[in-house]
Amino acid sequence: MTVQIGEMDSEVTVIDGELPLNETQIAKLVQLVIKQLQKEQQDSQRGKEATTLKRGVAPPARVGG
């Protein structure tokens, strides 16, 4: 099946001073951004904890039973 695409036009209108999203959409977007920032912060903290040397003694390991 052959598909030929010639030209496609799209028109977008933006009105100065007005938000293109309603309050519910903005609230959802803000929540998504907050969740992503928290996830990135947790990942960063886990990375720091994984590479930090800690003082302490581990229980002896039994080798060869």
Ignoring hydrogens and angles, write down the donor-acceptor pairs under 3.5 Å from the side chains of residues 20-36, residues two or more places apart or on other chains.
from, atom 1, to, atom 2, distance (Å)
N22, OD1, T24, N, 3.0
N22, OD1, Q25, N, 2.8
Q25, OE1, N22, N, 2.9
Q36, NE2, E40, OE2, 3.2

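- Residues forming a side-chain hydrogen bond (donor to acceptor under 3.5 Å, both in side chains) with E49 (at least two apart in sequence, or on another chain): Q45.
- For L53, there are no side-chain contact (heavy atoms from CB on, under 4.5 Å) partners at least two apart in sequence or on another chain.
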